[in-house]
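Written out below as structure tokens is the structure these notes cover.
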Amino acid sequence: MRYVDEYRDARSARQYAAAIKRIVARPWTIMEICGGQTHTIVRYGLDELLPDGLRLVHGPGCPVCVTPVESIEKALQIAARPDVIFCSFGDMLRVPGLNRDLLSVKATGGDVRIVYSPLDALQIARDNPDRQVVFFAVGFETTAPANAMAVFQARRDGIGNFSMLVSHVLVPPAIETILGSPNNQVQGFLAAGHVCTVMGYTEYEPIANRYHVPIVVTGFEPLDILQGITMCVTQLEQGRAEVENQYARSVTREGNRPAQELIREVFAVTPRRWRGIGEIPSSGLRLAERYADFDAENRFGLADRHLDESPDCQSGLVLQGLLKPPECGAFGTRCTPEHPLGATMVSSEGACAAYHRYRPDKPVAMAPTVKGEPG
Ligand code: SF4
């Protein structure tokens, strides 16, 4: 296939759905990791094509959704300073901290700017040598190479007024946390194709072995996802637990080696709190010691502090596949995209936003009776 429309062909989708029905003999629960995959599933109704008992649950792969409230609060403190130009991807501007967001800081005079690349923020620093320019670096392994490049270039070119507030997260430790939970219901994963384009998939092989769970690296178009599901349920029905690659047009087993080297040069692995989930060991990236001068937390003297989430929001359960958004009591009433209680409703990749956009009035199918083991 050469054109994106071909990956959205309804006839081919129905053929995949029929093949899945023929393969599936028992109930299974599969998690798609990435919020982009969640949106495709909900938008095109792919879950409604699947046989009864084959359940898709949505994972933690929305970077905006899992950025902890502590990081948002640090961003708000920095952005409110009169000497700072605070640069961020647009998605982050409406993510609520404890009682405000970046958009409200901007509305009250903060110089908050939307950029499309960290290199744009670096250029703003070059153009404004009398101001401090801070880039809010969030996201998974996908965005880490570009962020690493910005810091690398800032040091190389001696751009002393540039710094980065880093809140990167890593996918494999999150998968292990889900699988290690006593409440886990997930029996197979669709891994995020763009993350694996950078990182490859060797990191997933020990996880598939240790937890005996199939992991299929999967793309983002409807036929990608249906093919990924087909590969995953085939493994489940055959009792196999391997890492397979549906997204071979973009992903190799080794991934993008130069990008990985750049990540290792600039960042170091660190424990990270995930919004709604809590701290996961070795699940984040921070700036390495040799780049500490470019760390906005050091530059502005921000201390770590633990902050509690709003008790009204159940996004932690949504992000672990334990709750579908319409099962949350606030969905569509006290929590809407205009007045979000949690980040999964704010982000364009959030599962709650996906259901609200594409299925605002539709009741969700409840979980099958099976839990953990096939019936
Ligand atoms: S619907 Fe709103 S309150 Fe409920 S889990 Fe989603 S973001 Fe949180």
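Numbering of ligands and ligand atoms starts at 1, following listing order. Position 1 is the first residue of the sequence, and the numbers go up from there.
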Could you check whether the rings of His58 and Tyr355 sit parallel, tilted or perpendicular, using 30° and 60° as the cut-offs?
-> tilted

Are any of the side-chain nitrogens in Glu221 or Arg8 under 4.0 Å away from the carboxylate oxygens of its partner?
-> yes

Is the shortest side-chain N to carboxylate O distance from Arg249 to Asp224 below 4.0 Å?
-> yes

So does Cys352 have any N/O/S atom less than 2.8 Å away from atom 4 (Fe) of ligand 1?
-> no

Cationic N near anionic O, under 4.0 Å, Arg131 to Asp83 | no

State the atoms of ligand 1, each with its element, that fall below the 4.0 Å cut-off from a heavy-atom position in Cys335.
-> 1 (S), 2 (Fe), 3 (S), 7 (S)

Set of residues satisfying side chain to side chain donor-acceptor pair (under 3.5 Å) with respect to Glu205, sequence neighbours excluded | Arg253

Against heavy atoms of Gly342, which atoms of ligand 1 measure under 4.0 Å?
-> 7 (S)

Atoms of ligand 1 under 4.0 Å from any heavy atom of Phe331, numbered from 1 in the order shown, are 1 (S)

So, do Asn245 and Tyr201 sit near enough that their side-chain heavy atoms are less than 4.5 Å apart?
-> yes

Return the residue, atom name and 0.1 Å-rounded distance of the protein heavy atom closest to atom 4 (Fe) of ligand 1.
-> Cys328 SG, 2.3 Å

Return yes when Pro340 approaches ligand 1 closer than 4.0 angstrom through a heavy atom, no otherwise.
-> no

In terms of atom number and element, which parts of ligand 1 are under 4.0 angstrom from non-hydrogen atoms of Met345?
-> 7 (S)

Any ion pair linking Asp47 and Arg359 (charged N to carboxylate O, less than 4.0 Å)?
-> yes

Any idea which protein heavy atom is nearest atom 8 (Fe) of ligand 1, and the distance to it?
-> Cys313 SG, 2.4 Å

Considering heavy atoms of the protein only, find what lies nearest to atom 7 (S) of ligand 1 and give residue, atom and distance to 0.1 Å.
-> Thr344 OG1, 3.2 Å

